[in-house]
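Remember, predicted model here, so these are calculated numbers, not experimental data. Computed from heavy atoms alone, side chains included, the values below leave out hydrogens, waters and symmetry copies.
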There are 2 protein chains.
Amino acid sequence: MTDTYGFHSHDHSACIADCVAHVDQLCRAQGLQFTPVRRRVLEILLEAHRARGAYEILDILRNEGLGSQPPVVYRALDFLVSHGFVHKIEGLNAFVACARPGEDHAAAFLICRRCHAVAETPTATGGGRLGTTARAAGFQIEAAVIEATGVCPKCQTDGSETPPSRART
Amino acid sequence: MTDTYGFHSHDHSACIADCVAHVDQLCRAQGLQFTPVRRRVLEILLEAHRARGAYEILDILRNEGLGSQPPVVYRALDFLVSHGFVHKIEGLNAFVACARPGEDHAAAFLICRRCHAVAETPTATGGGRLGTTARAAGFQIEAAVIEATGVCPKCQTDGSETPPSRART
DNA sequence: TGTTAAACGTGATTATATAACATATCAACC
DNA sequence: GGTTGATATGTTATATAATCACGTTTAACA
């Protein structure tokens, strides 16, 4: 099975298993409980390799008997996000599996507005222009959201072009 | 009256009037209707110099008899955002008046998580590392959201420190 | 002044997220 | 083994954010 990952086609049936196993290991090492719901939510996000909303994930959990109420999925997402296994895409109110779980990192995202595919790329923290501005203003940066919206290569070729939605910023 | 603007104290009773007049001019020049609701929403955002939610704005409009239903404020915000007079802060689902209305620009934001003060700063478009990554991936960036969260100088001094909320990204 | 497009008023609904509280599970310790 | 405390889950209800649909009003302009 292939799907988009960072906009490049690749076989990722193994990539899901690898990533889940990796997170499993990290949780053991840190004494965190990688429970069935948390594991399944991570899998669901890895399967898609795109941003999915909490209620979309909840629908899947519900069909599988793993929980049917919003707090179930929000708690699992909260766990996964707070430990760096999943990122929240603020511009979509949606979530995506982290490409580098465990590596403490700041990430930027390229988000396709047509298919919601998400590519994650590392980014500098504080070294850039924004960091300089912040220091000059006496502002202490704790976290940053960097999300670029556009059209991924696949959707550019797919035709039936839709106009850009109005810029957000 | 003084308030925070870019985290610096300054008199801004004039700054509100100036900005509204400036936007008024821009609308005339572009044949846009700067209606009472739209004008008032912009003023409300300028008065605060911080991010405010749509329903917070709506409460004020309601008290003034300018509209009581969500679509009223969302339509006004949609107009203001789409013409670059207001920015949406995705991380807060809230809105802030633009510091440079009319100048077509990409902006980054420093957002205080305690008082929701927002400083806007210009940012490079496409020239940086993210732009390079995007080009290499064949991704066409149309818009970018750059939001740094932290504590502003005022709140740092104000004591009663609250711990950082979990990182979002 | 008649025509048309844009903006507004309003009620309902959808989407996203959290509060509050009861129950269950698990590990540490006695 | 039983108790205890911490963490996770189940469930109901509700809060918050945003949009839809449709009819009316207003503004621009021929």
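Fit an axis to the five pairs at each end of the helix from C:dT1-D:dA30 to C:dC30-D:dG1 and the two axes sit 20° apart, to the nearest 10 degrees.
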*Take A:Glu47 and A:Arg40 through the salt bridge (Lys or Arg N to Asp or Glu O under 4.0 Å) test and state the conclusion after the steps.*
CA-CA 10 Å; A:Glu47 283 164 9; A:Arg40 186 65 190 120; 3.2 Å; yes

_Verdict with supporting geometry, B:Cys27 and B:Arg38, side-chain contact (heavy atoms from CB on, under 4.5 Å)_ = CA-CA 11 Å; B:Cys27 286; B:Arg38 293 169 176 178; over 6 Å; no

*Does the pair A:Leu26 and A:His22 meet the rule for a side-chain contact (heavy atoms from CB on, under 4.5 Å), with working shown?*
CA-CA 6 Å; A:Leu26 289 168; A:His22 185 202; 3.9 Å; yes

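Between the side chain of B:Tyr55 and the base of D:dA18, a donor-acceptor pair under 3.5 Å is found.
Taking the side chain as every heavy atom from C-beta outward, B:Phe34 and B:Leu42 approach each other to under 4.5 Å. The side-chain heavy atoms of B:Lys154 and B:Arg114, taken from C-beta on, include no pair separated by under 4.5 Å.
Straight-line distance from the CG atom of B:Leu77 to the C1' atom of C:dA7: 15 Å, rounded to whole Å. Following rounding to the nearest Å, A:Asp78 (CG) and C:dT16 (P) show an atom-to-atom distance of 18 Å. Note: CG (A:Leu92) to C1' (D:dA18) measures 15 Å, nearest angstrom. In this entry the distance linking CD of A:Gln69 with P of C:dT16 reads 16 Å, nearest Å. Rounded to a whole Å, the CG atom of B:Leu66 is 17 Å from the P atom of C:dA7. Atoms CD (B:Glu56) and P (D:dA15) sit 18 Å apart, rounded to a whole Å. Per the geometry, CD1 belonging to A:Ile89 stands 16 Å off C1' belonging to C:dT16, to the nearest Å. A straight line from CG of B:Leu58 to P of C:dT10 spans 12 Å, rounded to a whole angstrom.
Separating the CZ atom in B:Phe85 from the SG atom in B:Cys98 is a distance of 9.0 Å, to the nearest 0.5 Å.
Place B:Pro70 and A:Gly53 on DNA chain C by their nearest nucleotides, and B:Pro70 ends up nearer the 5' end.
For the OP1/OP2 pair of C:dT16 and a distance below 4.0 Å, the side-chain nitrogens and oxygens of A:Lys88 include no atom meeting the criterion. For the pair A:Asn93 and D:dA17, the criterion of a side-chain N or O lying under 4.0 Å from OP1 or OP2 is not met. Side-chain N/O atoms of A:Tyr74 include one lying less than 4.0 angstrom from OP1 or OP2 on C:dA17.
For the side chain to side chain contact (heavy atoms under 4.5 Å, CB included) criterion with B:Val73, the lone passing option out of B:Ile44, B:Asp78, B:Leu58 is B:Leu58.
Not one N or O on the side chain of B:Gln140 forms a donor-acceptor pair closer than 3.5 Å with the backbone of A:Gln156. B:Arg62 places a side-chain N or O within donor-acceptor distance of the main-chain N or O of B:Ser68, the cut-off being under 3.5 Å. In this structure a side-chain-to-backbone donor-acceptor pair under 3.5 Å is missing from B:Glu90 to A:Glu147.
Contact record, B:Gly131 with B:Ile141: CA-CD1, 4.4 Å, taken as the closest heavy-atom pair.
For the segment residues 20-38 of chain A, the set of residues with a heavy atom within less than 4.0 Å of an atom of DNA chain C is empty.
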Which atoms of nucleotides 19-23 of chain C (N or O only) lie under 3.5 Å from a protein N or O atom, and what are those distances?
none

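The aromatic rings of A:His83 and A:Phe79 sit tilted, their planes meeting at an angle between 30° and 60°.
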